[in-house]
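Working notes, structure below.
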Number of protein chains: 2
Amino acid sequence: MLRISKLTDYGTVILARLAAAPEQRFTAAQLAGLTRVAVPTVSKLLKLLHRHELVESTRGLHGGYRLGRPAAQISAADILDAIEGPVALTECARHAHHCGIESTCGVGRAWQKVNIALRRTMQEVSLLDLAGLSGQPIHFHSLERPTRDKRGAAS
Amino acid sequence: MLRISKLTDYGTVILARLAAAPEQRFTAAQLAGLTRVAVPTVSKLLKLLHRHELVESTRGLHGGYRLGRPAAQISAADILDAIEGPVALTECARHAHHCGIESTCGVGRAWQKVNIALRRTMQEVSLLDLAGLSGQPIHFHSLERPTRDKRGAAS
DNA sequence: GCATATAGGACTAAAATAGTACTACTTAAG
DNA sequence: CTTAAGTAGTACTATTTTAGTCCTATATGC
């Protein structure tokens, strides 16, 4: 159903790697070797993450990247924002003038609310969780109640 | 950040339209006129929705489409499933063998959990809400209580 | 000043989406 | 029983988005 881009996935892997050694500085090439993602791609991702202050960079000889904040203070939503940008669930919300009919235009607004709820969910997950460094399994409030859950396929 | 496809958006608009007059049958062409979506596209969407039993069809002369169930029993997740299929948040979960390194492989699993939480959220929203027919604003459990909310950034 | 690293942007290739067209099947009316 | 109106299914094409690469500029340490 919903999808995040591969780049976001890679970005998370890179951040997880940095989270494992928060004090150490890694060059883009080192991270590429560690994560098996191509160097230019890693580089591109790190630049994106840098702009959003998720990583801290040092230029020049012996330079490299390091986490910009403690992993616990970086959420999945932050990562999504940095890499995919603050794109909304629907496009309707942007050039929403000639949506068709008045009664159906409410639809775009409703998706927007869903979007906010989804966002909230993603803010509950920190990089620590994503990196598997938090020990405890991720604990969603919304997963606590039984629902109608149609499929659970993982593979 | 997250995006649903245009088709899903259109599909929702069409369903919202049907929800407004649950007893009446509409032809694909009528719905196209009502929603300003091209006829072949509407047709394609209705077929998809039909396969998942979200709409009921009648063939032949004076045929057409109608909601397959009460709008209250159709969730946003159902619509997503019907149109976009049960695609997961990451691809890592599918051919997850050479993710790179062992410690980073947990990342894919974590996204999977996020995915489930997101799904849960979408099951809380019915077509009635989406169509703006429920009177009351959408009411998310997850938006009600304060969460552990590490950062409060909203946009 | 030279080697090593990031910063930024432009460009190319590949894949997913959106949209269209065509053919077959089904039903009701004349 | 023939014809018109409608859905069902599938295959194809075009467009857009995403992924990935390359090049040039800038900063830093030796």
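All chains are named by letter (A, B, ...) in the order of the sequence lines, taking the proteins before the strands, and each is independently numbered beginning at 1. FYI, side chains are in, hydrogens and waters are out, and symmetry mates aren't considered; it's all heavy atoms of this structure. Worth saying up front: this structure is predicted, and the values here are computed from it rather than measured.
Position along DNA chain D of the nearest nucleotide to A/Gly60 versus A/Thr8 favours A/Thr8 as the more 5'-ward residue.
Close to C/dT27, at under 4.0 Å from its OP1 or OP2, lies no side-chain N or O of B/His62. OP1 and OP2 of D/dA19 both lie 4.0 Å or more from every side-chain N or O belonging to A/Tyr10. One finds no side-chain N or O of A/Thr58 lying less than 4.0 angstrom from the OP1 or OP2 phosphate oxygen of D/dT28. For the OP1/OP2 pair of C/dT4 and a distance below 4.0 Å, the side-chain nitrogens and oxygens of A/Thr27 include no atom meeting the criterion.
Looking only at side-chain heavy atoms (C-beta outward), A/Val13 and A/Val37 stay at 4.5 Å or farther from each other.
Remark: A/Lys6 NZ to A/Ile83 CD1 distance equals 14.5 Å, nearest 0.5 Å. To the nearest 0.5 Å, atoms OG1 (A/Thr12) and CD1 (A/Ile4) are separated by 6.0 Å.
Of the candidate nucleotides D/dC30, C/dA28, C/dT6, D/dC30 has the atom lying nearest to any side-chain atom of A/Leu61. Among D/dT7, C/dT6, D/dG20, the nucleotide with an atom closest to any side-chain atom of A/Thr41 is D/dG20. Across D/dG6, C/dG19, C/dG8, the shortest atom-to-atom separation from the side chain of A/Arg51 is found for C/dG8. With distances taken from any side-chain atom of B/Ser5 to the nucleotides D/dG20, C/dG9, C/dA18, the minimum falls on C/dA18. For A/Lys44, whose side chain is taken as the heavy atoms from C-beta onward, the closest listed nucleotide among D/dT7, C/dG19, D/dA19 is D/dA19. Distances from the side chain of A/Lys47 to the nucleotides D/dT7, C/dG9, C/dA5 place C/dG9 closest.
The backbone N or O of A/Ser5 lies less than 3.5 Å from a partner atom in the side chain of A/Glu84, making a donor-acceptor pair. Checking side-chain atoms of B/Gln30 against main-chain N and O of B/Thr27 turns up a donor-acceptor pair under 3.5 Å.
Within 4.0 Å of A/Ala29, counting heavy atoms only, lies no atom of the nucleic acid at all. In this structure, A/Ser43 reaches neither bases nor backbone, as no heavy-atom distance under 4.0 Å exists between it and the strands shown.
A donor and an acceptor atom never sit less than 3.5 Å apart when one is taken from the side chain of B/Arg59 and the other from the base of C/dT27.
Rounded to whole Å, atom P of D/dT7 lies 14 Å from atom CD of B/Glu56. At whole-Å resolution of the value, CG in A/Leu45 and P in C/dG8 are 15 Å apart. B/Tyr65 has its OH atom 13 Å from the C1' atom of D/dA5, to the nearest Å.
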